[in-house]
Amino acid sequence: MSGVRYNERVFVVGPTESGKSELLNVLFSQFECQRLLFDTKGHEWTIEGVEPVSDPAAIDWNQPIIHYVTAGTELAEVTEVFDQCCARLDLVVCVHELNDLSAYSTNKTPEAVNRYLSQGGANGRGLLGATQMPVDMPKRARSEVQHVFTLAPPIDEEHLKVVCRIVGGIGATEMREEIEAVQREHGEHAFIHWPKGALQEPVAWAPLPDWMLEQSIVKRRRPHARERSR
C-alpha cells in the first residue's frame with residue numbers, strides 16, 4: 001500500500017476510533033518478512049495460529065510471526081525485546097501506541113528503541129507505529145520516519161504541529177484543512193499519506209474497504225463475558 005517498504009518507518013496519527021489500528025494492521029499484514037506485533041494493550045489483538053508470548057526470553061525467533069504481549073509497563077521489558085530486535089535482519093515491528101515505548105516521555109525512550117529506529121533500515125528492520133499524542137513519543141520515531149498517515153478527523157492543534165514538523169513544508173492550519181476536506185469527501189476513517197523526501201505529493205485515501213480489512217491477519221480480540229462484566 002502506498003509504496004511502503006518493509007525496512008521503513010511508518011507513523012500513523014489520528015484521534016481515538018479514527019481507524020489508526022486498522023490501518024496499521026493492514027500494513028502489517030502485507031509484508032512477507034518476519035514480523036513482530038508488540039502488543040502493549042493487554043491481549044487487545046489476536047493472530048490466528050500465533051500463540052502470544054509475554055517473556056522476552058521466550059520469544060522464538062524461528063517463527064515467521066511473533067505476537068508479544070507486554071507483561072507490564074516497565075521500560076526494562078521494552079529494552080529486552082528491542083535489544084533482540086536490533087540483532088535481527090528483515091523484521092517489521094508493529095506498535096499500536098508509540099508512547100508505550102517511552103512511558104509517555106520522550107527523554108525516557110530506551111536506547112535499544114532509538115538504536116532500532118536509527119540504525120535498522122539498512123539491515124531491513126522496519127517499524128509501524130501509531131499514536132494520537134505525538135508530543136511525547138520517541139524522538140527517533142519522528143526524525144527517522146519515511147511515511148506519515150493522518151486519519152480524519154484531525155487531532156488537536158498541539159499535536160498536529162508536531163506532525164507538521166515531521167512531514168515538513170506544511171503548517172498546522174493547512175494540514176487541518178486538508179484532513180477536513182478529505183473527511184467531507186469520504187467521511188471519518190479517511191486518511192492522507194504524506195511521504196517524505198523527493199518532493200512527493202500527499203495522497204488522499206477513502207476509508208479502507210471491508211475486503212481489505214478482512215484480509216488483515218491481526219484481529220481485535222473478543223473479551224470473555226467475565227472480562228466484560230468487570
Under the rule for salt bridge (Lys or Arg N to Asp or Glu O under 4.0 Å), what residues qualify as partners of [X], not counting sequence neighbours?
X    : value
D136 : none
R142 : none
E144 : R140

Of all residues at least two apart in sequence or in a different chain, which pass the side chain to side chain donor-acceptor pair (under 3.5 Å) check with [X]?
X    : answer
N99  : E97, T131
E157 : R176
E111 : R115
N107 : none

Within a 6.0 Å radius of atom NZ on K219, are there more than 12 heavy atoms belonging to other residues, nucleotides or ligands?
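Correct, the count exceeds 12.
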So does K139 have more than 12 non-hydrogen atoms from other groups sitting under 6.0 Å from NZ?
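Check fails, neighbour count at 12 or below.
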So which pairs with a foot in residues 78-99 pass ring pair (Phe, Tyr, Trp, His ring centres under 6.0 Å), sequence neighbours left out?
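Ring pair (Phe, Tyr, Trp, His ring centres under 6.0 Å) check on residues 78-99 returns F38-F82, W45-H96, F82-Y116.
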Close side-chain approach of [X] to [Y], heavy-atom, < 4.5 Å:
X    : Y    : answer
H147 : F11  : no
H67  : T46  : no
L151 : V13  : no
V92  : L36  : no
W194 : M175 : yes
V50  : I66  : no
L23  : F191 : yes
T150 : V163 : yes

Check for a donor-acceptor pair, side chain of [X] on one end and backbone N or O of [Y] on the other, with a separation under 3.5 Å.
X    : Y    : answer
Q132 : I155 : no
T106 : M137 : yes
E77  : A71  : yes
D156 : H159 : yes
H189 : P207 : no
S54  : T70  : no

Assess whether side chain to side chain contact (heavy atoms under 4.5 Å, CB included) is satisfied between I179 and I192, documenting all intermediate values.
CA-CA 7 Å; I179 299 172; I192 301 176; 4.1 Å; yes
Pair listing, salt bridge (charged side-chain N to carboxylate O under 4.0 Å, His left out) test, anchored in residues 51-63, at least two apart:
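Of all non-adjacent pairs touching residues 51-63, none passes salt bridge (charged side-chain N to carboxylate O under 4.0 Å, His left out).
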Pairs in or reaching into residues 4-22: which pass salt bridge (charged side-chain N to carboxylate O under 4.0 Å, His left out), with residues at least two apart or in two chains?
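Residue pairs with at least one partner in residues 4-22: R5-E8, E22-R220.
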If only side-chain N and O atoms count, and only distance matters, is there a donor-acceptor pair under 3.5 Å linking [Y] with [X]?
X    : Y    : result
S216 : N25  : no
S29  : Q215 : no
D39  : Y68  : no

Should L101 and V12 be regarded as members of a common hydrophobic cluster, given that ILVMFWY residues are connected when their side-chain heavy atoms come within less than 4.5 Å of each other, either directly or indirectly?
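No: no chain of side-chain contacts under 4.5 Å links L101 to V12.
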Kindly work out whether a path of hydrophobic side-chain contacts (I/L/V/M/F/W/Y, heavy atoms less than 4.5 Å apart) joins Y104 to L98.
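They do not share one cluster, since no chain of ILVMFWY contacts under 4.5 Å joins Y104 to L98.
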Tell me, please, which residues at least two apart from L89 pass side chain to side chain contact (heavy atoms under 4.5 Å, CB included).
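Only N123, R125 meet the side chain to side chain contact (heavy atoms under 4.5 Å, CB included) criterion with L89.
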Non-neighbouring partners of Q84 that pass side chain to side chain contact (heavy atoms under 4.5 Å, CB included), sequence neighbours left out
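With sequence neighbours excluded, Q84 shows a side chain to side chain contact (heavy atoms under 4.5 Å, CB included) to P56, I59, W61, given in chain and number order.
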So V10 and V145, side chain to side chain contact (heavy atoms under 4.5 Å, CB included) or not? Walk me through it.
CA-CA 6 Å; V10 175; V145 168; over 6 Å; no
Looking at CD1 of I47 and CD1 of I217, how far apart are the two atoms once the value is rounded to the nearest 0.5 Å?
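If I round to the nearest 0.5 Å, the distance is 5.0 Å.
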Give, for atom SG of C94 and atom CG of L37, the distance between the pair rounded to the nearest 0.5 Å.
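Result: 5.5 Å between the selected atoms.
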Decide side chain to side chain contact (heavy atoms under 4.5 Å, CB included) for V113 and S102; before the verdict, give the C-alpha distance in whole Å, the side-chain angles of both, and the deciding distance to 0.1 Å.
CA-CA 9 Å; V113 172; S102 61; over 6 Å; no
Please walk me through it: do F28 and V26 pass side chain to side chain contact (heavy atoms under 4.5 Å, CB included)?
CA-CA 5 Å; F28 183 78; V26 166; over 6 Å; no
